[in-house]
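Data block below; observations after.
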2 protein chains.
Amino acid sequence: MGRHSDNGEADGRATLSDVAARAGVSPSTASIAFSGQGPVAEATKARVLAAAEELGYTGPDPLARSLRTGRSGIVGALIPQRIGTSFRDPVIIQTLDGLAEELGQGGTGLLLLSERTRETDRVSLEAAPIDALVLLGCGVSSPAAIAVLHRRGVPVITIEGEPSAGVANIDVDNRGGTRLLAEHLRDLGHRDVALVTLALDVGDELAPLTDAALEAGTLRPGVARVHGARDVFPAAPGIIASGSTIADGRAAGRMLLDVEASARPTAIMAQSDLLAAGVVFAAQDLGLSVPADLSVVGFDGVRIDELPMPLTTVSQPAQEKGAAAGRAVVELLDGGQPESRCFPVVFERGGTTAPPAER
Amino acid sequence: MGRHSDNGEADGRATLSDVAARAGVSPSTASIAFSGQGPVAEATKARVLAAAEELGYTGPDPLARSLRTGRSGIVGALIPQRIGTSFRDPVIIQTLDGLAEELGQGGTGLLLLSERTRETDRVSLEAAPIDALVLLGCGVSSPAAIAVLHRRGVPVITIEGEPSAGVANIDVDNRGGTRLLAEHLRDLGHRDVALVTLALDVGDELAPLTDAALEAGTLRPGVARVHGARDVFPAAPGIIASGSTIADGRAAGRMLLDVEASARPTAIMAQSDLLAAGVVFAAQDLGLSVPADLSVVGFDGVRIDELPMPLTTVSQPAQEKGAAAGRAVVELLDGGQPESRCFPVVFERGGTTAPPAER
DNA sequence: CTGTTAGCGCATTCAG
DNA sequence: CTGAATGCGCTAACAG
């Protein structure tokens with residue numbers, strides 16, 4: 001007893017075959033009518049569509065279509081922490097925005113995956129129905145899982161990731177940009193400069209920057225920016241922040257500034273604008289005036305509305321970075337071999353830097 | 001010429017059948033060995049796993065598995081605007097965080113979908129391989145698309161959505177919470193109170209609040225909060241903001257405050273903490289002191305670090321809201337029928353409200 | 001506990 | 001331009 005063509009729209013589960021039967025054509029013709037992948041007579045197509053309408057058929061089942069074509073139309077975006085944490089960083093959001101927009105053009109969806117997963121759901125990365133994976137601000141990130149994807153034929157691309165063989169990496173000039181800022185401070189006359197860094201490794205807590213931590217660091221942006229600063233101030237000490245937030249910057253700033261005046265740096269280089277804003281607030285908390293008593297620079301070019309003056313910083317094209325990653329993914333899925341790319345940053349002189357006060 | 005069991009790992013595309021053949025068991029047994037859905041002898045299981053290892057087989061193809069089981073393991077989250085816009089709102093982020101965490105427990109992924117899609121990619125919502133859809137801060141939102149999902153058997157749940165038949169809605173007490181704040185202001189002696197509202201409809205721009213706009217409003221939170229305020233101050237005028245940002249709040253605040261003193265409200269109720277912070281900054285811009293010259297209240301209970309004092313506001317359990325939605329989805333997929341739910345908010349007296357200045 | 005038998009719903013060869 | 005057959009890779013029944 002076939003279940004085709006005998007039920008009207010009783011169980012609401014019409015298939016393409018049902019539609020074809022009702023329209024008096026073969027399933028393959030009906031398929032073409034829907035996908036447009038092939039020639040159909042207008043009249044036939046109309047008949048098929050009408051039959052579909054009558055049966056309440058709304059289009060091919062995505063699951064079946066996926067199995068057949070070998071593609072799900074979804075790419076994964078792996079972020080380092082849980083959403084509530086990672087998404088406090090405007091750079092991540094903008095990057096994701098650019099990525100989603102670019103992919104959306106082709107009807108591709110974005111599946112959010114978090115690097116920090118419990119043991120139990122580690123499956124998700126390895127078993128996710130994705131056509132490609134984008135690593136966003138992640139470290140080496142479960143190399144095992146990546147290997148599995150590779151073997152499954154799922155291509156990977158990274159954003160500010162570890163340059164590794166065969167995966168395209170979308171980068172920004174972290175080291176050069178930071179060096180620019182450091183040179184700016186040096187030219188103003190600063191010699192005692194301290195750093196507030198991003199996390200250098202997953203799980204970093206607010207702590208003094210050590211050589212060991214720097215060498216063990218797996219998170220590119222933080223590590224590269226330390227190097228950029230040290231290109232100019234080789235002995236600059238620092239504090240490692242755990243996240244890129246105003247609160248973290250404020251705490252780190254306090255650690256650096258709440259000491260006797262002679263031990264206080266004349267400038268602080270924060271590795272993100274959010275951290276820099278926090279440092280400015282920390283200075284204010286301690287009665288120091290910026291930039292008279294302390295110069296502060298950031299990184300990113302995010303506008304911090306609530307700061308009394310614009311930050312001296314370098315701006316990076318976060319959204320464009322995501323869009324580039326999106327285009328790379330598309331190219332990859334089209335069988336191409338996208339190239340790695342490094343975006344420049346642009347120096348922006350704000351109101352938070354000035355020559356150091358006389359001592 | 002079968003392609004099973006004759007190739008080692010030549011083309012890297014081993015299937016479960018290949019593994020089964022190599023292990024000398026049937027495909028179904030191998031399947032069970034991987035999924036754990038059924039009884040297998042430890043020894044057999046080990047043999048299967050060993051064979052898989054040798055063939056470089058890393059587990060069942062998610063696409064095939066999905067077709068067979070009828071589930072993709074993915075739920076969609078529909079947000080009102082593009083990521084870069086929607087994710088500027090910490091409440092949305094926290095809600096999404098709670099949702100993702102709860103779903104992640106069961107290995108379910110989150111697919112990001114945006115309500116604001118071009119004509120071309122409108123397919124994605126209708127053709128996305130999702131097991132359920134969560135509407136997050138959306139309006140009635142492409143009713144057509146929703147209907148399609150319904151017919152396809154994809155259940156929908158809403159967060160602060162339009163209560164509609166058959167879909168569970170996770171809500172917060174927007175009206176009651178705002179009324180609480182209004183009563184607080186009234187008790188302090190305020191009579192001239194103005195509002196800064198969230199967008200009442202998709203596409204709203206910064207503009208004065210009119211009755212027409214209020215009645216046409218489709219975005220629950222904004223509309224409900226206006227009603228809550230008007231329960232106490234029936235004639236309160238207002239400005240509709242387009243987004244929940246400090247910048248918008250500042251602009252709206254300026255419109256309300258940059259007038260002759262006699263026409264100035266003594267208190268402003270902003271519908272989000274971000275908007276409220278903007279209003280505080282606007283007041284400062286104009287040389288008004290908060291709360292001496294102007295009282296300000298927010299909504300949400302988001303901590304705004306950069307404000308000189310904590311806001312008087314009501315806090316809502318944003319993350320818990322998302323988690324509740326997640327649990328509802330799980331229940332739905334288990335064949336249950338989750339109930340709608342409304343979370344309470346809690347009043348938090350901060351430092352931004354005081355009795356009005358003498359006139 | 002394991003094997004056998006059937007499809008899930010569709011897109012694609014290849015003939016006509 | 002249309003139709004008939006084939007299997008994507010897997011899992012759910014049941015039978016042994």
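Predicted model only: the values in this text are computed from it and were never measured. Just so we're on the same page: letters track the sequence lines, and every chain starts at 1.
Contact annotation: the side chain of B:D18 never approaches that of B:Y57 to less than 4.5 Å [non-hydrogen atoms, C-beta and beyond]. Within the 4.5 Å cutoff, no side-chain heavy atoms of A:I130 are placed close to those of A:V75.
Using a 4.0 Å cut-off, no side-chain N or O of B:S28 falls inside it from OP1 or OP2 of C:dT4. For D:dT11, one of the phosphate oxygens OP1 or OP2 lies less than 4.0 angstrom from a side-chain nitrogen or oxygen of B:R65. Under 4.0 angstrom from either OP1 or OP2 of C:dG9 there lies no side-chain N or O belonging to A:Y57. Within the structure, every side-chain polar atom (N or O) of A:S66 is placed at least 4.0 Å from both OP1 and OP2 of C:dC10. The side chain of B:T69 places no N or O atom within less than 4.0 Å of a non-bridging phosphate oxygen (OP1 or OP2) of D:dT11. For D:dC10, neither phosphate oxygen OP1 nor OP2 lies less than 4.0 angstrom from any side-chain nitrogen or oxygen of B:S31.
Residue B:L67 holds its CG atom at 10.5 Å from CG of B:D61, rounded to the nearest 0.5 Å. Summarising the geometry, atom CG belonging to B:L113 is positioned 10.0 Å from atom CG belonging to B:L135; distances are rounded to the nearest 0.5 Å.
As rounded to whole Å, 14 Å separates atom C1' of D:dC1 from atom NZ of A:K45. The nearest whole Å value for the distance from the CZ atom in B:R71 to the C1' atom in C:dG9 is 17 Å. Atom CZ of B:R68 is separated from atom C1' of D:dC10 by 7 Å (rounded to the nearest Å). Atom pair B:D61:CG and D:dC8:P shows a separation of 12 Å (rounding to whole Å applied). Distance B:R13 CZ to D:dC8 C1': 12 Å, rounded to the nearest Å. When rounded to the nearest whole Å, the span between CG of A:L63 and P of D:dG9 equals 16 Å.
The residue among B:A64 and B:I32 whose nearest nucleotide of DNA chain C lies closer to the 5′ end is B:I32. When each of B:E42 and B:L67 is assigned the nucleotide of DNA chain C with its nearest heavy atom, B:E42 is the one assigned upstream, toward the 5' end.
Under 3.5 Å, the side chains of A:D131 and A:S72 contain a donor-acceptor pair of N or O atoms.
Contact of B:S35 with D:dT11 (side chain to base): no donor-acceptor pair of N or O atoms is detected under 3.5 Å.
Candidate nucleotides D:dC10, C:dA11, C:dG3 were compared by shortest atom distance to the side chain of B:T15, and D:dC10 ranks first.
Within the nucleic acid shown, A:L16 comes within 4.0 Å of sugar-phosphate atoms alone, with no base atom in reach, counting heavy atoms only. Across all strands shown, B:P39 has heavy atoms under 4.0 Å from base atoms, whether or not it also approaches the sugar-phosphate.
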